[in-house]
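Quick caveat: nothing in here was measured; it's all calculated off a predicted structure. Heads up: numbering here begins at 1 and tracks the sequence.
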Amino acid sequence: MRVGLGYDVHKLTEGRPLVLGGVTIAHDRGLLGHSDADVLIHAIMDALLGAAALQDIGAHFPDTDPQYRGISSLKLLAHVAELLRDRGYAVENIDAVVIAQKPKLRPYIEEMEQNIARVLQIDSDQINVKATTEEGLGFTGSEDGIASQAICALVSQKDGMNHDSLSE
């Protein structure tokens, strides 16, 4: 089993949609970035890439490359999933948290988990997304930005491991 950790942060700005977990959320501002700036998906991708020792999202999707301007992070996640499959890895689980003072994210979490599961071709019960505030502290508390952290576990298909073998 391999474990990876991911972190991402983007500044909130006017004139952009707020996209988290592939869900467009009604809010007065969105996240600034080269792609759709989906901090949740970015943190998850970095965790997955890290667990597989495949560098980070900047190495695969540089913000200097025009082909990624405005792209859905779900498309980037699909590419990461393909890289993992090509190297014989399967996602065992993902645990992620979005850190934002506003908006309240509880109503959107199930859809986020379903989007991530669909793209990674895993069951939604292998993904846990949470949301929290920082009680008005720091850049997320002052609503200047949104951050996300994720951790994941990968299993190697090359070693004949699967979900059943982990519980034995």
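- At least one donor-acceptor pair closer than 3.5 Å links the side chain of Asp36 to the backbone N or O of Ser73.
- When side chains are defined from C-beta on, Leu48 does not count as touching Leu54, because their heavy atoms never get closer than 4.5 Å.
- The shortest non-hydrogen separation linking Gly22 to Asp38 is N-OD2, 2.8 Å.
- Side-chain contact check for Leu40 versus Val129: some heavy-atom pair is nearer than 4.5 Å.
- For the residue pair Ala100 and Thr133, the shortest heavy atom distance occurs at O-CG2, 3.4 Å.
- The structure places CD of Glu92 at 12.5 Å from OG of Ser156, a figure rounded to the nearest 0.5 Å.
- Among all heavy-atom pairs drawn from Gln157 and Ala90, the shortest one is NE2-CB, 2.8 Å.
- No donor-acceptor distance shorter than 3.5 angstrom exists from the side chain of Asn115 to the backbone of Arg118, with no hydrogens or angles considered.
- Within the 4.5 Å cutoff, the side chain of Asp125 has no heavy atoms near those of the Asn93 side chain.
- Taking the side chain as every heavy atom from C-beta outward, Val19 and Leu31 never approach each other to under 4.5 Å.
- Side chains of Thr140 and Glu134: a donor-acceptor N/O pair is present below 3.5 angstrom, by distance only.
- Cluster membership check: Ile57 does not share its hydrophobic cluster with Val9, using side-chain heavy-atom separations under 4.5 Å among Ile, Leu, Val, Met, Phe, Trp and Tyr.
- In summary, of the residues considered (Val97, Asp46, Asp95), a side chain to side chain contact (heavy atoms under 4.5 Å, CB included) with Gln149 occurs for Val97 alone.
- A pairwise comparison of heavy atoms in Arg2 and Ala53 identifies NH2-CB, 3.5 Å as the closest pair.
- To the nearest 0.5 Å, the span separating NE2 on His60 from NE2 on His79 amounts to 6.5 Å.
- Inter-residue side-chain proximity for Leu76 and Ile71 is flagged as met; some heavy-atom pair is nearer than 4.5 Å.
- Between Tyr108 and Ala26, the shortest heavy-atom contact is OH-N, 4.5 Å.
- Across all non-hydrogen atoms, the minimal contact from Ser142 to Asp144 is OG-OD2, 2.9 Å.
- Judged purely by atom type and a 3.5 angstrom limit, His10 uses its side chain to pair as donor or acceptor with the backbone of Leu32.
- For the atom pair Met45 CE and Asp8 CG, the distance stands at 8.0 Å (nearest 0.5 Å).
- Between Met112 and Ile25 there is a side-chain heavy-atom pair separated by less than 4.5 Å.
- In the hydrophobic clustering of this structure, Leu83 groups with Ile116; members are Ile, Leu, Val, Met, Phe, Trp, Tyr whose side-chain heavy atoms approach within less than 4.5 Å, directly or through other members.
- Counting heavy atoms from C-beta on, the side chains of Leu18 and Pro103 come closer than 4.5 Å.
- No donor-acceptor pair under 3.5 Å is formed between the side chain of Asp65 and the backbone N or O of Tyr68.
- A distance of 6.0 Å or more separates the ring centres of Phe61 and His34.
- Side-chain N or O atoms of Arg16 include one that pairs as donor or acceptor with a backbone N or O of Gly33 at under 3.5 Å.
- Between the side chains of Ser148 and His42, no donor N or O sits under 3.5 Å from an acceptor N or O.
- Note that CD1 of Ile146 and CD1 of Ile99 are 10.5 Å apart. Values are rounded to the nearest 0.5 Å.
- Distance alone, capped at 3.5 Å, is enough to place a donor-acceptor pair between the Gln126 side chain and the Asp123 backbone.
- Here Lys102 contributes atom NZ and Arg29 contributes atom CZ; the two are 9.5 Å apart, rounded to the nearest 0.5 Å.
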